There are 2 protein chains.
Amino acid sequence: MQPAWIYLKLKMIGESVPAPMPAVCDCTKMLDSETKAVELPEDHAEELRLWLRLLTCTTLIEGEVRGRLRQRFDVTLPRFDLMAQLDKAPDGMTLSDVSKRMMVSNGNVTGLVERLVESGHLDRRTSDTDRRVQVIRLTKLGRAEFRRMAAEHETWIADLFADLTPKDVRELMRLLAKTKASAQKSAGRRRA
Amino acid sequence: MQPAWIYLKLKMIGESVPAPMPAVCDCTKMLDSETKAVELPEDHAEELRLWLRLLTCTTLIEGEVRGRLRQRFDVTLPRFDLMAQLDKAPDGMTLSDVSKRMMVSNGNVTGLVERLVESGHLDRRTSDTDRRVQVIRLTKLGRAEFRRMAAEHETWIADLFADLTPKDVRELMRLLAKTKASAQKSAGRRRA
DNA sequence: GCCAATTATTTGAAGCCTAAAGAATTCGGC
DNA sequence: GCCGAATTCTTTAGGCTTCAAATAATTGGC
């Protein structure tokens, strides 16, 4: 079964090679009995390049933050991320909540929490009202350490984005919001 | 030692709480003998939000691509990435080259290559001119499989970015290029 | 109250990833 | 030629991550 977004091209046997397509193409699907369905070598190269650049930016910044967290505080990025989520939730969160927010698997959170409880940064207890649920919070130590790290972290981010003007930042925010919406829609289409 | 980008604020003992700062602030550093250096709760919140949104977009798309690669081709994203690098280099690449291009550690590449050689997708040989160097290439099988996957992969990306206009794409490319440059500069400052 | 479906979490296997240390090789000066 | 420095790659230890399957608790229908 062909996905809907694959464009088809009418191709007669013995037909000559088609001229290169323009970057943006609105060709419609065509089919008949003498037709061979051929996936166009249609130019989605721009989107591909965009994705690679997006990935490069993120990897670059993420690596930098990871390295600095390690150097300055001897903490990993996932641990920091988890603590950041909890810092915003004084009443604690369930593991599922954390998993959704961090966009990682449940099993991943289990291990992460385990290590942070072990080191005294997290407190974990079974919910009174639903014994399936584990509620986790930052301990006093955990909160103090996170606040200390977060303050410096914010300056790193500011520095990493230092060459962007406020207008650039606004514009990026807007376009990335649009990107996120588009990707979510596409992801939804797949699962549907 | 305070990093250069941390703004300082003059604070006299017993001074009243300052008014909240505007989002963009050009306050200069001030110091004297009666001064206590205080890190401003200066608003880098915009940059922080931008970073989180960038990360969200990437994670979202990456997860989607990972899942589809797995479902359709039973291949992991790192394997696909590595093959993509090699597809662009018919004469092969060294492990270091791959490592730099993929922005992952050397040791990581070693293992990745090992598994892909094992599965018959990669060919690996020691360089004639420098016996430290390992040159890897796609095998016939590897190239064929990659091309098959890449064609479909491109349609996924196109679909994920489908709601962006060509102008959006161009603008994002421009802003991300600027972001990348800014981050690289900042990373360089740290190592210097 | 009982049972099926759902939800929350854990476990296990495999793979990804990094930092740091180590081995082999080459290169640059002398 | 020789030695120290730099490079290329591998190894190791530990942690992160996913997926799939298993376990445990709750909920809703009857």
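Since we're looking at a predicted model, the values are computed, not measured.
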Determine: side-chain N/O of B:Ser96 to OP1/OP2 of D:dT7, distance under 4.0 Å, yes or no. no
Using heavy atoms and a sub-4.0 Å distance, could you list which residues of residues 127-137 of chain A are near DNA chain D? By number, please. A:Asp130, A:Arg131, A:Arg132
Quick one: does any side-chain atom of A:Thr94 pair with a main-chain N or O of A:Val133 as donor and acceptor, under 3.5 Å? no
Checking contacts here: which listed nucleotide (C:dG15, D:dT18, C:dT10) is nearest the side-chain heavy atoms of B:Thr76? C:dG15
Quick one: pull up CG in A:Asp168 and CG in B:Leu50 and give me the separation to the nearest 0.5 Å. 10.0 Å
Closest to side chain of B:Thr94, choosing from C:dT9, D:dC9, C:dC16: D:dC9
Integer-rounded Å distance: C:dG15 C1' and B:Phe80 CZ: 18 Å
Should the pair A:Arg148-A:Glu152 be classified as a salt bridge under the 4.0 Å nitrogen-to-oxygen rule? no
Any idea which of D:dT17, C:dC16, D:dC9 is nearest the B:Arg115 side chain? C:dC16
Can you see if the side chain of A:Arg66 gets near the phosphate of D:dC16 - specifically, an N or O under 4.0 Å from OP1 or OP2? no
Kindly say if B:Asn108 contacts the phosphate of C:dT18, meaning a side-chain N or O under 4.0 Å from OP1 or OP2. yes
Starting at atom CZ of B:Arg70, determine the distance to atom C1' of D:dT17, rounded to an integer number of angstrom. 12 Å
Any chance you could lay out the side chain to side chain contact (heavy atoms under 4.5 Å, CB included) test for B:Asp74 and B:Leu69, step after step, and finish with the verdict? CA-CA 6 Å; B:Asp74 194 32; B:Leu69 280 175; over 6 Å; no
Between A:Gly63 and A:Val109, name the one whose nearest nucleotide on DNA chain C is closer to the 5' end. A:Val109
Are side-chain heavy atoms of B:Arg143 and B:Asp87 found at a separation under 4.5 Å? yes
Just how far, in rounded Å, is C1' of D:dT17 from CG of A:Leu77? 13 Å
Ionic contact status for B:Arg49 with B:Glu46, cut-off 4.0 Å: yes
Which part of the nucleic acid does B:Leu112 contact within heavy-atom distance under 4.0 Å: base, sugar-phosphate only, or nothing? sugar-phosphate
Interatomic distance, A:Glu118 CD vs D:dG15 C1' [rounded to whole Å]: 14 Å
Rounded to whole Å, how long is the line connecting atom NZ of A:Lys100 with atom C1' of C:dA8? 9 Å
Within the structure, does a side-chain N or O atom of B:Thr110 lie under 4.0 Å from either OP1 or OP2 of D:dT10? yes
Hey, is the main chain of A:Asp91 close enough, under 3.5 Å, to the side chain of A:Arg137 for a donor-acceptor pair? yes
Nucleotide C:dC16, atom C1' - distance to CE of B:Met102 in whole Å: 10 Å
Value in whole Å for how far the P atom of C:dG15 lies from CG of B:Asp74: 11 Å
Whole-Å distance between D:dT18 C1' and B:Arg79 CZ? 13 Å
